[in-house]
Protein chains: 2
Amino acid sequence: MNIRENIRPGGRSARVQASVHEAVRGLLSTMDRSDVTIPLIAAKAGVTPSTIYRRWGDLQELLADVAVERLRPDAPPKDTGSARTDLTQWAEQYADEMASGPGRAMIRDVLSSVAIDSRNAGKCCGYTREQVQVIAERARDRGEDFPNVETVIDKLVAPIMYRILFDDVPPNSEKVLALVERLLPQQR
Amino acid sequence: MNIRENIRPGGRSARVQASVHEAVRGLLSTMDRSDVTIPLIAAKAGVTPSTIYRRWGDLQELLADVAVERLRPDAPPKDTGSARTDLTQWAEQYADEMASGPGRAMIRDVLSSVAIDSRNAGKCCGYTREQVQVIAERARDRGEDFPNVETVIDKLVAPIMYRILFDDVPPNSEKVLALVERLLPQQR
DNA sequence: GATCTAAAAGCAAATTATTTGCTTTAGCGT
DNA sequence: ACGCTAAAGCAAATAATTTGCTTTTAGATC
């Protein structure tokens, strides 16, 4: 029910969390998500089901917890020399990752858990903001014009995500390019 | 597992569906969603649990099915005399409804079920498109300039929905107004 | 370094939800 | 009216979840 923050690293809690997360990742990669159950995860993680129930409450919370971890970017956006190309490359990768089967599943997991713990979706949004922020700061350092981060969210990130979540047709490379064009209109 | 389309109206199936839906709506209005279970719904609907399991598969699918119904607009957008005001009023109402507690819960229900039946999210998106389409056609009939529907989705609907789903701060009236301004720049 | 403590994990019994095979019912076409 | 089929009911079997209690363990204190 309550996913604790601030687990001291190296303690027993941390070990349990790590093995449970790993078990979840392993199972999700092997089998259909609808066949993944808490008793199964517990067995694979070498832990009692009640431990998982007490720590996470239910499967959705646990999946959300794992998904948030996996949605955290592992590196800042690549520096390609200009804001336009930085943003284009970042957005294309973002769209691809999120539109992929596992990407969509992770987003759904994160959103499903919001009822109980609304921090999850906010975290994802935060990761995205940070990435855009990095591109924005680089642009500023180069002396380029660049819209503020919220504008980028509205005009680029939001349409990508909306299409992925609600539309049958996830945004392809052309679509992403068109969105970036609208956002950074003047070609030098 | 499979939610059937084309249930002949007036048949037994239709009656069961209606009483189950009504039971769900009733329970959701009374109690916390995490306390709503299939056996409970079944009892309230005067139906066996196994009927629900066989027709809907699980609670998420059933909740999604009910949510899609409730997200269907019951009337076309009001005709206020101009595209700008039509769109503004429609968008403000849309944002309010979706950002409300029940609205967010319904969106989440719909999105959670996508794994098994991806038609649900598409339907919602479809309803929105239809509403915007109506506004667009009225604008055309009046001889007003109006962007195409996909542009409205990208620049207005998507940011609203993104903020609702991922951000802590759902879009207020000012924010919606600003988005409409960006979409229909010239005041006239 | 031994001891105490509190938080978290294990265990197992009780409860509750889900699945399933089989039977019954109701609506539809003839 | 009669039969056929799809869906509903029923109940037993299985599986998941909750819960009270016990045990373990990491960290704090002496």
Side-chain angles (χ1 to χ4, degrees), chain A residues 1-24 26-28 30-66 109 112-113 115-117, chain B residues 1-24 26-28 30-66 109 112-113 115-117:
Chain A
M1 211 125 289
N2 52 331
I3 296 162
R4 273 171 312 300
E5 317 286 309
N6 304 330
I7 293 164
R8 297 204 198 57
R12 187 167 50 152
S13 270
R15 281 200 307 279
V16 168
Q17 159 146 344
S19 64
V20 169
H21 274 221
E22 195 190 318
V24 171
L27 290 172
L28 284 181
T30 320
M31 63 200 320
D32 208 53
R33 97 184 302 75
S34 58
D35 297 332
V36 174
T37 64
I38 286 185
L40 233 173
I41 294 164
K44 175 140 183 167
V47 139
T48 331
S50 66
T51 294
I52 296 183
Y53 286 114
R54 287 209 241 245
R55 271 186 75 157
W56 283 277
D58 65 13
L59 185 59
Q60 275 195 346
E61 286 302 308
L62 173 54
L63 291 177
D65 194 33
V66 174
D109 289 340
S112 308
S113 80
I116 302 160
D117 180 5
Chain B
M1 213 126 285
N2 51 330
I3 297 162
R4 273 172 312 302
E5 317 286 310
N6 304 329
I7 293 164
R8 295 201 201 60
R12 187 168 46 152
S13 269
R15 281 202 305 281
V16 168
Q17 160 146 342
S19 65
V20 170
H21 274 223
E22 196 191 317
V24 170
L27 291 172
L28 285 182
T30 320
M31 64 200 320
D32 209 55
R33 91 184 309 73
S34 59
D35 296 331
V36 174
T37 64
I38 286 186
L40 234 174
I41 294 164
K44 174 138 184 168
V47 139
T48 328
S50 65
T51 294
I52 297 183
Y53 287 115
R54 285 209 243 246
R55 269 184 77 158
W56 283 277
D58 65 14
L59 185 60
Q60 275 198 345
E61 287 301 309
L62 173 53
L63 292 177
D65 194 33
V66 174
D109 288 340
S112 308
S113 80
I116 301 161
D117 179 5

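Just so we're on the same page: letters track the sequence lines, and every chain starts at 1.
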For B:Ala23 against B:Lys44, the heavy-atom pair lying closest together: CB-CG, 3.7 Å
Min side-chain heavy-atom separation B:Arg55-B:Leu62 under 4.5 Å: no
Candidate nucleotides C:dA9, C:dA26, D:dA8, ranked by approach to the side chain of A:Arg55 - the nearest: C:dA9
Those residues that, when tested against B:Asp32, pass side chain to side chain donor-acceptor pair (under 3.5 Å) (two or more places apart): B:Ser34
Distance, nearest 0.5 Å, that separates CD of B:Glu22 from CG of B:Leu27: 10.5 Å
Heavy-atom pair with the smallest gap, counting every atom of A:Trp56 and A:Glu61: O-CB, 3.1 Å
For atom CG of B:Asp58 and atom C1' of C:dT19, their distance in whole Å: 13 Å
Whole-Å distance separating the CD atom of B:Gln17 from the C1' atom of D:dA6: 15 Å
Nearest-Å distance for atom pair CD1/P, residues B:Ile52 and D:dG9: 9 Å
Which nucleotide in C:dA26, D:dG9, C:dG10 has an atom nearest any side-chain atom of B:Val47: D:dG9
Closest non-hydrogen atom pair between A:Ala64 and A:Asp109, with its separation: CB-O, 3.4 Å
Pairwise distance CD1(B:Ile52) to CD(B:Gln17) - rounded to 0.5 angstrom: 11.5 Å
Listed partners of A:Thr51 passing side chain to side chain contact (heavy atoms under 4.5 Å, CB included), at least two apart: A:Val16, A:Val47, A:Thr48
Shortest non-hydrogen separation from A:Val36 to A:Leu59 and the atoms involved: O-CD2, 3.3 Å
Residues in contact with DNA chain D, drawn from residues 36-44 of chain A - heavy-atom cutoff 4.0 Å: A:Thr37, A:Ile38, A:Pro39
Please enumerate all protein N or O atoms sitting under 3.5 Å from an N or O of nucleotides 2-5 of chain C, with distances to 0.1 Å.
none

Write out a two-atom table: protein N or O, nucleotide N or O from nucleotides 20-23 of chain D, distance below 3.5 Å.
from, atom 1, to, atom 2, distance (Å)
D:dG20, O6, A:Arg54, NH2, 2.4

Interatomic distance, A:Leu59 CG vs D:dT18 P [rounded to whole Å]: 12 Å
Heavy-atom closest contact (B:Asp35 atom, B:Leu40 atom, distance): O-CD1, 3.5 Å
A:Leu63 and A:Leu28, any side-chain heavy atoms less than 4.5 Å apart: yes
Short side-chain N/O contact from A:Thr51 to OP1 or OP2 of C:dA9, under 4.0 Å: no
